[in-house]
Number of protein chains: 2
Amino acid sequence: MFNMEMAEKLKLLGDKTRLTILGLLKDKEWCVCDLVEILNMSQPGVSQHLRKLKAQGIVNETRRGQWVYYSLNVVDKPYIQTILNELPDTQTLLSLLKQNYTNASCP
Amino acid sequence: MFNMEMAEKLKLLGDKTRLTILGLLKDKEWCVCDLVEILNMSQPGVSQHLRKLKAQGIVNETRRGQWVYYSLNVVDKPYIQTILNELPDTQTLLSLLKQNYTNASCP
DNA sequence: ATGAAATATAACTATACACTAATATATTAT
DNA sequence: ATAATATATTAGTGTATAGTTATATTTCAT
């Protein structure tokens with residue numbers, strides 16, 4: 001059906017947590033455990049969001065040793081880029097979310 | 001909370017029916033009964049979608065006599081404009097949806 | 001090999017949501 | 001006033017979804 005793929009992707013963006021993840025990824029890649037600390041939610045919760053984003057091709061995943069890093073994959077999706085432009089940048093997000101996380105575990 | 005308003009608007013766009021409505025509105029305003037025929041769904045269903053879109057300021061409503069016409073209100077929402085650019089135009093949507101509707105009722 | 005850490009998957013729950021049918025409200029025509 | 005048409009609201013239902021806890025898998029260090 002004609003608007004389905006579009007709607008599926010936009011549905012993913014219509015979620016506060018995933019928007020925050022994508023906003024964080026604008027600046028650099030993050031591993032799952034980083035996001036768990038920053039977002040202050042369960043690890044399976046974060047993993048499931050990332051899986052959905054990956055299934056729609058919005059993020060890439062790369063395993064490096066123990067850690068799996070996720071990064072944006074929106075070069076061919078201008079309408080997503082425009083949305084991400086509206087989001088606060090990483091530093092702002094981090095300070096808004098500040099849960100005095102330490103980022104000690106994964107280099 | 002910081003990404004909420006954005007997520008609320010995007011959530012509305014993450015629905016096939018509402019995306020189609022917005023795609024139709026790119027070209028011109030439509031009244032509810034038109035959309036009911038074109039989308040081939042119940043009138044309350046259409047009204048509820050329109051109410052949500054209006055509550056988020058994405059469409060305007062104007063009553064003219066018996067009919068209430070809805071139109072786009074996205075001049076100040078570039079990220080929505082970008083999304084709408086990706087949608088098929090009105091004619092394409094109409095032919096994709098063709099339910100041999102007649103557009104006889106509302107001028 | 002074994003244990004620890006990171007990630008993924010499965011099972012479950014509570015809530016949100018899209019849709020429909022039924023009803024109410026509003027406007028026009030007679 | 002009354003009927004007819006257009007729209008909105010309410011109530012109810014089935015499904016989707018975001019989150020959790022529990023468990024499995026993967027990788028590294030010892």
Side-chain angles (χ1 to χ4, degrees), chain A residues 1 3-4 7-22 25 29-56 58-71 97 99 101-107, chain B residues 1 3-4 7-22 25 29-56 58-71 101-107:
Chain A
M1 216 35 186
N3 273 335
M4 276 305 288
E8 286 308 306
K9 286 194 175 57
L10 290 174
K11 193 174 297 185
L12 290 186
L13 301 181
D15 176 89
K16 180 191 171 307
T17 303
R18 283 190 293 262
L19 269 189
T20 303
I21 290 175
L22 294 174
L25 293 178
E29 63 180 12
W30 295 91
C31 69
V32 181
C33 62
D34 284 333
L35 296 172
V36 169
E37 268 191 287
I38 296 173
L39 299 171
N40 197 33
M41 66 180 286
S42 71
Q43 175 266 317
V46 174
S47 274
Q48 281 160 16
H49 281 306
L50 291 168
R51 182 170 48 158
K52 290 179 185 181
L53 291 169
K54 188 187 155 216
Q56 286 293 328
I58 298 174
V59 301
N60 288 322
E61 87 178 25
T62 315
R63 177 176 280 275
R64 272 206 289 287
Q66 228 168 345
W67 298 281
V68 178
Y69 289 86
Y70 285 85
S71 56
L97 288 161
Q99 256 94 34
Y101 71 95
T102 53
N103 195 19
S105 48
C106 25
Chain B
M1 216 33 188
N3 273 336
M4 276 305 288
E8 287 306 308
K9 286 194 175 57
L10 290 173
K11 191 172 299 184
L12 291 187
L13 302 182
D15 177 89
K16 179 190 172 307
T17 303
R18 282 189 296 262
L19 269 189
T20 303
I21 290 175
L22 294 174
L25 293 178
E29 64 180 13
W30 295 90
C31 69
V32 181
C33 62
D34 284 334
L35 296 172
V36 168
E37 267 191 287
I38 296 173
L39 299 171
N40 197 31
M41 66 180 286
S42 71
Q43 175 267 316
V46 173
S47 274
Q48 281 160 15
H49 282 306
L50 291 169
R51 181 170 50 160
K52 290 179 184 180
L53 291 169
K54 189 187 154 213
Q56 287 293 329
I58 299 174
V59 301
N60 287 322
E61 87 177 26
T62 314
R63 177 177 281 274
R64 272 206 290 287
Q66 227 166 344
W67 299 280
V68 177
Y69 289 86
Y70 286 86
S71 56
Y101 71 95
T102 53
N103 195 19
S105 50
C106 25

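Numbered from 1 within each chain, the chains take letters A, B, ... in sequence-line order.
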_Here's a test of your reading of the structure: between A:Lys11 and A:Gly65, which maps to the more 5' nucleotide of DNA chain D?_
A:Lys11
*Closest to the B:His49 side chain: C:dT9, C:dT7, C:dA18?*
C:dA18
*asked:* Which nucleotide wins on minimum distance to the side chain of A:Pro44, given the candidates C:dA10, D:dA6, D:dA8?
replied: C:dA10
*Given atom CG of A:Asn40 and atom C1' of D:dT20, what is their separation to the nearest angstrom?*
14 Å
*Is the backbone N or O of A:Gly65 less than 3.5 Å from a side-chain atom of A:Arg63, with the two atoms forming a donor-acceptor pair by type?*
yes
*Taking atom P of D:dT15 as reference, at what distance in whole Å does atom NZ of B:Lys16 sit?*
19 Å
*Hey, does B:Lys54 reach any base, or is it just sugar-phosphate, or nothing, if we go heavy atoms under 4.0 Å?*
nothing
*Could you pick out which residue, B:Gln43 or A:Glu61, lies toward the 5' side of DNA chain C when each is mapped onto its nearest nucleotide?*
A:Glu61
*Give the C-alpha distance, both sets of side-chain angles, the deciding distance and a yes or no for side-chain contact (heavy atoms from CB on, under 4.5 Å) between A:Asn60 and A:Tyr69.*
CA-CA 8 Å; A:Asn60 288 322; A:Tyr69 289 86; over 6 Å; no
*Take atom CG of A:Asp15 and atom C1' of D:dT17, then tell me their distance rounded to the nearest Å.*
9 Å
*Rounded to the nearest angstrom, tell me the gap between atom CG in B:Leu12 and atom C1' in C:dC17.*
11 Å
*Can you sort out the partners of B:Lys52 under salt bridge (charged side-chain N to carboxylate O under 4.0 Å, His left out), two or more places apart, ordered by chain and number?*
none
_Rounded to whole Å, how long is the line connecting atom CG of B:Leu50 with atom P of D:dA8?_
7 Å
*Could you check which of D:dG19, D:dT21, D:dT7 has an atom nearest any side-chain atom of B:Val68?*
D:dT7
Please list, one pair per line, the donor and acceptor atoms closer than 3.5 Å that link side chains of residues 44-51 of chain B to other protein atoms, with sequence neighbours excluded.
unit_1	atom_1	unit_2	atom_2	d
B:Ser47	OG	B:Gln43	NE2	3.1
B:His49	ND1	B:Arg18	NH1	3.0

*Hey, does A:Arg18 reach any base, or is it just sugar-phosphate, or nothing, if we go heavy atoms under 4.0 Å?*
sugar-phosphate
*How is A:Gly45 classified with respect to the nucleic acid when contacts are heavy atoms under 4.0 Å: base, sugar-phosphate, or nothing?*
base
*Ignoring backbone atoms, establish whether B:Ser42 has a side-chain N or O less than 4.0 Å from OP1 or OP2 of C:dC19.*
no
*For C:dA8, does either OP1 or OP2 sit under 4.0 Å from a side-chain N or O belonging to A:Tyr70?*
yes
*Any side-chain heavy-atom pair from B:Trp67 and B:Asp34 closer than 4.5 angstrom?*
no
*Could you tell me whether the phosphate oxygens of D:dG19, OP1 or OP2, come under 4.0 Å of any side-chain nitrogen or oxygen in A:Thr17?*
yes
*Rounded to whole angstrom units, what separation is found between the CD atom of A:Gln48 and the P atom of C:dT13?*
16 Å
*B:Lys52 has a side chain; which of C:dC19, C:dA8, C:dC17 sits nearest to it?*
C:dC17
*Between A:Leu97 and A:Asn40, is any pair of side-chain heavy atoms under 4.5 Å apart?*
no
*In whole Å, what is the span from the CZ atom of B:Arg64 to the C1' atom of D:dT5?*
17 Å
*Under the 3.5 Å rule, do the base of C:dT28 and the side chain of B:Gln66 count as making a donor-acceptor pair?*
no
_Gap between atoms CE and C1', on A:Met4 and C:dA18 respectively (whole Å)_ = 13 Å
*What nucleotide among D:dT20, C:dT7, D:dA8 has an atom nearest to a side-chain atom of A:Ser47?*
C:dT7
*Taking only N and O in the side chain of A:Arg51, is any of them less than 4.0 Å away from OP1 or OP2 of C:dT9?*
yes
